[in-house]
Visitor: 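Mind having a look at this structure? Questions to follow.
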Amino acid sequence: MKYADEFRDKEIALGLAKTIRAETHPGRPYRFMEFCGGHTHAISRYGLEDMLPNNVRMIHGPGCPVCVLPAGRIDMAIRLAERSEVILCVYGDLMRVPGSQGASLLKAKARGADVRMVYSTIDAIRIAQENPGREIVFFAIGFETTTPPTAVMIRLAEKKQLSNFSVFCNHVLTPPAMQNILESPDIRNIGRVEIDGFVGPAHVSTIIGTAPYEFFAEEFGKPVVISGFEPLDMMQAILMLVRQVNENRHEVENQYSRAVTRDGNLRAKEEVSDIFELRDQFEWRGLGQVPYSGLKLKRAYAKYDAEVRFGMNELCVDDNPACECGAILRGVKKPVDCKLFGTVCTPETPMGSCMVSSEGACAAHWTYGRFRDHQQRRAS
């Protein structure tokens with residue numbers, strides 16, 4: 001496949017692995033957090049950890065927007081969907097995300113709630129046009145990558161004068177979460193992991209650029225390398241991080257230069273800033289309340305805000321105490337450290353969001369069989 005096969009060359013990957021082994025210092029730990037769930041899946045899919053020396057550790061981060069959505073927001077969506085006048089439009093991976101007490105949108109749909117899976121924001125607009133007597137609510141979720149389509153959708157709804165359309169906004173921002181991992185007192189209390197550098201998110205960075213990460217390099221002395229998703233992308237990014245650590249540098253480097261620039265997509269950022277503003281705080285699963293990490297619609301667009309239109313109250317509920325999803329999202333634990341993983345918690349019967357989402361760490365370990373290596377080592 002053009003533009004893909006050349007980034008999956010086995011011999012080049014082995015050469016990069018050899019260089020990494022040669023340049024790492026024995027006895028010195030190299031602890032790198034890959035923030036993006038797509039990177040987590042690439043590491044598991046291509047077996048990249050097996051190619052790295054033992055002192056280079058890849059740590060899974062909270063880079064999956066479905067995974068970090070707290071159970072309370074799922075409960076809010078379920079209550080909304082159970083209203084007789086509402087059609088709730090959601091992306092497919094949200095259907096089975098657990099709320100409190102085992103609830104989910106899929107179970108709500110089975111009880112009669114009108115929950116419809118959509119593939120794009122345009123689908124939600126179409127459903128609103130086809131059902132003028134119903135209230136259509138789009139469950140908006142995602143990092144900076146999926147926020148511009150939601151902004152464009154609201155403009156389109158305004159242009160079409162759709163009075164029966166609104167958005168349940170759950171868009172969150174990457175940099176505040178990274179800062180929270182590094183400095184939040186809450187993280188110190190509930191568990192944290194030492195990090196020597198970040199593999200920065202790729203798709204997010206096509207929108208916001210590399211500039212927002214310069215703060216982490218300067219303020220916290222942590223190198224950041226923006227990486228693509230192919231195996232050679234990841235191996236090169238890890239090598240770049242190793243070299244920064246060895247040279248005591250802390251800079252933002254752009255491995256994914258074929259898609260990412262320093263300033264990002266100016267048009268997309270302008271659309272988002274016109275429609276959305278920051279919330280004072282937003283709850284993340286595993287991180288707690290993160291200041292200025294979530295978005296809401298500006299007052300000028302309040303008529304499209306489902307939380308305003310339906311008087312929705314914020315719900316804060318506890319996660320399943322047996323599920324380690326929160327600790328996995330903080331990088332404190334791996335999926336195989338959860339006693340539910342691979343037993344009662346599988347993709348068919350997920351107990352936590354990390355097993356549900358296609359970008360979740362637990363789903364990656366299960367899909368590509370990484371847990372079997374752990375089971376074999378534990379058995380021996």
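Numbers for residues simply follow the sequence, beginning at 1.
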Visitor: What pairs meet the side chain to side chain donor-acceptor pair (under 3.5 Å) rule with one or both residues in residues 138-148, with sequence neighbours excluded?
Guide: Glu144-Thr174, Thr147-His171
Visitor: Restricting to side-chain hydrogen bond (donor to acceptor under 3.5 Å, both in side chains), what partner residues turn up for Arg79, sequence neighbours left out?
Guide: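 Expected list: none.
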Visitor: With ring-ring contact (aromatic ring centres under 6.0 Å, His included) as the rule and sequence neighbours excluded, what pairs involving residues 56-81 come up?
Guide: His60-His365
Visitor: What heavy-atom pair brings Val317 and Ala71 nearest, and what distance separates the two atoms?
Guide: CG2-CB, 3.5 Å
Visitor: Checking Ala211 now: which residues fulfil side-chain contact (heavy atoms from CB on, under 4.5 Å) with it, not counting sequence neighbours?
Guide: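 Ala211 satisfies side-chain contact (heavy atoms from CB on, under 4.5 Å) with Glu214, Arg262 once adjacent residues are dropped.
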Visitor: Show your working on ring-ring contact (aromatic ring centres under 6.0 Å, His included) between His250 and Phe220 and close with a plain yes or no.
Guide: CA-CA 9 Å; His250 37 87; Phe220 298 102; over 10 Å; no
Visitor: Considering residues at least two apart in sequence or located in another chain, which fulfil the side-chain contact (heavy atoms from CB on, under 4.5 Å) criterion with Arg134?
Guide: Ile87, Asp114, Asn131, Ile136
Visitor: To which residues is Met117 joined in a hydrophobic cluster, defined by side-chain heavy-atom contacts under 4.5 Å among Ile, Leu, Val, Met, Phe, Trp and Tyr, whether direct or through other members?
Guide: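 When side chains under 4.5 Å apart are linked, the cluster holding Met117 also contains Tyr119.
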Visitor: Quick one: closest heavy-atom pair of Cys362 and Ile328, and the distance?
Guide: SG-CD1, 3.7 Å
Visitor: Using the six-membered ring wherever Trp is involved, compare the ring planes of His39 and Phe229 and label them parallel, tilted or perpendicular (cut-offs 30° and 60°).
Guide: tilted
Visitor: Which heavy atom of Lys107 sits nearest a heavy atom of Gly102, and at what distance?
Guide: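 The pair with the smallest heavy-atom distance is NZ-O, 2.8 Å.
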Visitor: Do Tyr301 and Asp274 have side-chain N/O donor and acceptor atoms under 3.5 Å apart?
Guide: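 No, Asp274 and Tyr301 have no side-chain donor paired with an acceptor closer than 3.5 Å.
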Visitor: Quick one about Ser100 and Asp75 (side-chain donor to acceptor, distance below 3.5 Å, no hydrogens or angles considered), yes or no?
Guide: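 Yes, a side-chain donor-acceptor pair sits under 3.5 Å.
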Visitor: Between Phe35 and Phe198, does the ring-ring contact (aromatic ring centres under 6.0 Å, His included) criterion hold? Intermediate values first, please.
Guide: CA-CA 7 Å; Phe35 194 91; Phe198 288 95; 7.2 Å; no
Visitor: Evaluate the criterion side-chain contact (heavy atoms from CB on, under 4.5 Å) for residue pair Gln244 and Val225; output intermediate values, then yes/no.
Guide: CA-CA 10 Å; Gln244 285 209 49; Val225 176; 4.1 Å; yes
Visitor: If you measure from the Lys or Arg side-chain nitrogens to the Asp or Glu carboxylate oxygens, is any gap between Glu277 and Lys298 under 4.0 Å?
Guide: no
Visitor: How far apart are the closest heavy atoms of Thr346 and Thr343, and which atoms are they?
Guide: CG2-O, 3.9 Å
Visitor: Taking atom OG of Ser357 and atom CG of Asp93, what is their separation to the nearest 0.5 Å?
Guide: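 If I round to the nearest 0.5 Å, the distance is 5.0 Å.
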Visitor: Do Leu329 and Val204 sit in one hydrophobic cluster, given that two such residues count as connected whenever their side-chain heavy atoms are within less than 4.5 Å of each other, even indirectly?
Guide: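 The answer is yes; both residues are in one hydrophobic cluster.
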Visitor: Just by distance, with hydrogens left out, do Trp284 and Ser293 show a side-chain donor and acceptor under 3.5 Å apart?
Guide: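 There is such a pair between these side chains.
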